[in-house]
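Accompanying notes for the structure given below.
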2 protein chains.
Amino acid sequence: MDEVFKALADASRRSLLDRLHARNGQTLNELCEGLAMTRQAVTKHLAILEQANLVSTFKHGREKLHYLNPVPIHQIGERWIRKFERAKLVALSELKRQLEKRDE
Amino acid sequence: MDEVFKALADASRRSLLDRLHARNGQTLNELCEGLAMTRQAVTKHLAILEQANLVSTFKHGREKLHYLNPVPIHQIGERWIRKFERAKLVALSELKRQLEKRDE
DNA sequence: AAAATAGGCAACCAAATGGTTGCATGTCAA
DNA sequence: TTGACATGCAACCATTTGGTTGCCTATTTT
């Protein structure tokens, strides 16, 4: 879980995930296109995403294909964010109560 | 948005949010209790959470009260995670299709 | 077989991060 | 008013991070 949060902390890595979300199964070179970064920097980012299980790779000849794995992202949503959604609802209903009280 | 992801990247900070979720409005000293960290380290973490708008503070005499703001967390869920949930569904239905195909 | 293409490895670097210690300030209680 | 308590500020430190360059290997293509 911690690795996933760490991996998502970087904007470049999130944009790599976005790219894979737009088109899955891209090669390293394809993922490098248009980025203001060397290929090696991208390689490192992809390694971190792979480590966090957010991306899986297949070798096909001399190319390495990258696939998005949305499961950990989903888990963050389920196991972590959901918990705080409830707090938000409590805060909202509290606010509502206060506002209604004001009109009394 | 980037600040929120960065703030959530650290396990100590996430556990501070957990503590506030369990009991809102704690003082700095209360939040320090039981942690293997100096008060100053906690102060820094709280500053980062505040900067990311995940925590708001009120001064009450010599005490500083900390309140959880769940809105940015909710936004991460809405604006970011939701997008990838769809990809997961696509992946699942693809898998289902493959499995069904196998039985033909 | 030679050249071009796709990617991997390792050393290096500057800046950011997470933590510390020491001291200062503001506020409450005796 | 004096001491205790809650917090703030600043300098410092080691490690991690995000990036680079240079070179090597493997697979195609011509």
Side-chain angles (χ1 to χ4, degrees), chain A residues 1-20 22-69 72 76, chain B residues 1-20 22-69 72 76:
Chain A
M1 203 75 158
D2 187 57
E3 275 187 326
V4 179
F5 273 110
K6 286 243 168 71
L8 295 181
D10 186 90
S12 306
R13 286 194 289 269
R14 290 199 303 278
S15 106
L16 285 169
L17 292 179
D18 279 339
R19 281 172 161 235
L20 286 178
R23 188 161 64 85
N24 216 0
Q26 294 187 62
T27 68
L28 174 57
N29 267 336
E30 283 170 339
L31 287 170
C32 287
E33 270 165 31
L35 293 187
M37 218 184 317
T38 60
R39 176 176 53 84
Q40 286 81 352
V42 176
T43 301
K44 284 194 184 180
H45 283 306
L46 288 170
I48 290 169
L49 291 171
E50 207 176 339
Q51 182 99 357
N53 203 30
L54 284 157
V55 161
S56 344
T57 60
F58 288 83
K59 271 231 156 175
H60 181 255
R62 65 179 163 180
E63 293 180 328
K64 191 178 189 182
L65 304 179
H66 298 77
Y67 291 88
L68 176 63
N69 177 17
I76 295 276
Chain B
M1 202 75 158
D2 188 57
E3 274 186 326
V4 179
F5 273 109
K6 286 241 166 74
L8 295 180
D10 186 89
S12 307
R13 286 194 289 269
R14 289 199 304 279
S15 106
L16 284 170
L17 292 180
D18 279 340
R19 282 172 161 235
L20 286 179
R23 188 160 65 84
N24 215 1
Q26 295 187 63
T27 69
L28 173 58
N29 267 337
E30 284 170 338
L31 288 170
C32 287
E33 269 164 31
L35 294 186
M37 219 185 314
T38 60
R39 176 176 53 84
Q40 287 80 352
V42 177
T43 302
K44 283 194 185 179
H45 283 306
L46 288 170
I48 290 169
L49 291 170
E50 207 176 340
Q51 182 98 359
N53 202 31
L54 284 158
V55 162
S56 345
T57 60
F58 288 82
K59 274 232 155 173
H60 181 255
R62 64 181 162 180
E63 294 181 326
K64 191 178 188 182
L65 304 178
H66 297 78
Y67 291 89
L68 176 63
N69 176 18
I76 295 278

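The shown structure was predicted, so the numbers you read here are calculated from the model rather than taken from an experiment. Every chain is numbered from 1, with letters handed out A, B, ... down the list of sequences.
- Counting to the nearest Å, the C1' atom of C/dA4 and the CD atom of A/Glu63 are 14 Å from each other.
- Rounded to whole Å, atom C1' of C/dT27 lies 20 Å from atom CZ of B/Phe58.
- Rounded to an integer number of Å, the gap from B/Gln26 CD to D/dA6 P is 14 Å.
- Closest approach to the B/Lys44 side chain among D/dG8, C/dG18, C/dG19 is made by C/dG19 (side chain taken as heavy atoms from C-beta onward).
- Taking the nucleotide of DNA chain D with the nearest heavy atom to each of A/His60 and A/Arg39, the more 5' of the two is matched to A/Arg39.
- Residue B/Arg62 places no side-chain atom within donor-acceptor reach of the base of D/dT7, judged by atom type and a 3.5 Å distance cut-off alone.
- An OP1 or OP2 oxygen of C/dG26 is reached within less than 4.0 angstrom by no side-chain nitrogen or oxygen of B/Lys59.
- With B/His66 contributing its side chain and B/Thr57 its backbone, the two residues share no donor-acceptor pair below 3.5 Å.
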>> Could you go through B/His45 and B/Leu35, starting from their C-alpha distance and side-chain angles, then the distance that decides it, and tell me whether this counts as side-chain contact (heavy atoms from CB on, under 4.5 Å)?
In response: CA-CA 13 Å; B/His45 283 306; B/Leu35 294 186; over 6 Å; no
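- Put simply, B/Thr38 has no side-chain N or O that comes within less than 4.0 Å of OP1 or OP2 on C/dG19.
- With A/Asn69 contributing its side chain and A/Asn53 its backbone, the two residues share a donor-acceptor pair below 3.5 Å.
- Not a single donor-acceptor pair, N or O on each side, falls under 3.5 Å between the base of D/dG18 and the side chain of A/Arg13.
- In this entry the distance linking NZ of B/Lys6 with P of C/dA15 reads 16 Å, nearest Å.
- Separating the CD1 atom of B/Ile48 from the P atom of C/dA16 is a distance of 13 Å, rounded to the nearest angstrom.
- Put simply, A/Lys64 has a side-chain N or O that comes within less than 4.0 Å of OP1 or OP2 on C/dG8.
- Listed for the A/Arg14 side chain is a donor-acceptor partner under 3.5 Å among the backbone atoms of A/Leu8.
- The distance between atom CG of B/Asp2 and atom C1' of D/dT17, rounded to the nearest whole Å, is 14 Å.
- Computed from coordinates, the B/Glu33 CD to D/dT7 P distance equals 11 Å when rounded to whole Å.
- Closest to the B/Ser12 side chain, of the nucleotides C/dG19, C/dG8, D/dG18, is C/dG19.
- Counting heavy-atom neighbours within 6.0 Å of A/Gln40 CD, excluding the residue itself, gives a total above 12.
- Both A/Val42 and B/Thr27 lie close to DNA chain D; mapped to their nearest nucleotides by heavy-atom distance, the more 5′-ward contact belongs to B/Thr27.
- On a pure distance criterion of 3.5 Å, a polar donor-acceptor pair joins the side chain of A/Gln40 and the base of D/dG22.
- Residue B/Gln51 contributes atom CD, which lies 15 Å from atom C1' of C/dA16 at whole-angstrom precision.
- OP1 or OP2 of D/dT7 has at least one side-chain nitrogen or oxygen of B/Asn29 nearer than 4.0 Å.
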